[in-house]
Enquirer: 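Once you've had a glance at the structure underneath, I'll fire off some questions.
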Amino acid sequence: MVYKTSDGITFTTVSGAPLGKYWTQFQQRVYCAGVEADSDVLHWSSIGDLTNWSMVAPSDSNSLTIDRFSGGTIQNIEEINDRVVIFKRRKIKRWDENYLRTVMSSHGLQAPYSLAEMEGMAFTLDSEGIRLYDGNYPKKISLKIEDLVQGISYSATNIPRICGEVLNDKYYLSVGDITDENGNTISNAMIVYDYVKNLWWLYSLSHHMTAIMRFLSYDGIERIYCVLIS
């Protein structure tokens, strides 16, 4: 596995770059986490040069060790309200390039790819519910659909397939099969939350959506693109 950059035409391999799973951009730097060899370390590039990763060992100046005993391993990262927010398994931390602080009353993130950002806010899923983090503290917003959330499988196989994205003030969350409180199964479930109207919808898709992203098309319209498996 290698890290490459592209100008839209050609791809160039970047030597020395961390091979992480989670990426975000903040203050003219690219941040990376989830490197297999040092899963509790936050790395970042040189300022203004995302190809320069010459100082990314855990002991170097462009890396920060996030204590694994304080909330578990890093699950994802995102730039929110001028901070790099670090979502751990049981806690949220934020980094402003000077100080690392713990977000009080935070519950962490159990499904890494459920994270989706919208206008300085982040939606996440953990085993207790769907939360909305506004940069101050995370608020549980899924009380109305508690039975559905409790019916989501948090198995090692399903967790990496849970994915979320935001489009037009709506949070789309694909969670796989749901078993509700009456024992009924909703196949390939998609939970949709309308942030403006505070309303929920539940859809059963013909295929399981395992990856999702928002993309601005050539016609100027934002759309959701996804990967489906039978």
Enquirer: Looking at E79 and R29, is there a salt bridge between them, counting it only when a charged N and a carboxylate O are closer than 4.0 Å?
Expert: no
Enquirer: For W53 and V30, which heavy atoms make the closest approach, and how far apart are they?
Expert: CH2-O, 3.2 Å
Enquirer: Rounded to the nearest 0.5 Å, how far does CG of L125 lie from OG of S142?
Expert: 8.0 Å
Enquirer: Would you give the length of the straight line joining atom CG of D126 to atom OG of S114, rounded to the nearest 0.5 angstrom?
Expert: 8.5 Å
Enquirer: Do S187 and D177 have side chains that get closer than 4.5 Å, going by heavy atoms?
Expert: yes
Enquirer: Angle class for the F215/Y225 ring planes (parallel below 30°, perpendicular above 60°, tilted otherwise)?
Expert: perpendicular
Enquirer: Under 4.0 Å between a side-chain nitrogen and a carboxylate oxygen: does that hold for D134 and K139?
Expert: no
Enquirer: Should C163 and T210 count as side-chain neighbours, where that means a heavy-atom distance under 4.5 Å?
Expert: no
Enquirer: Please tell me if the side chains of I130 and W200 come closer than 4.5 Å, counting only heavy atoms from C-beta onward.
Expert: yes
Enquirer: In this structure, which one of F87, Y172, Y171 forms a ring pair (Phe, Tyr, Trp, His ring centres under 6.0 Å) with F123?
Expert: Y171
Enquirer: Under a plain distance cut-off of 3.5 Å, with no hydrogens placed, do N198 and Y193 share a side-chain donor-acceptor pair?
Expert: yes
Enquirer: State yes or no: are the ring centers of W44 and W23 separated by less than 6.0 Å?
Expert: no
Enquirer: Side chains of I86 and L42, heavy atoms from C-beta outward: is any pair under 4.5 Å?
Expert: yes
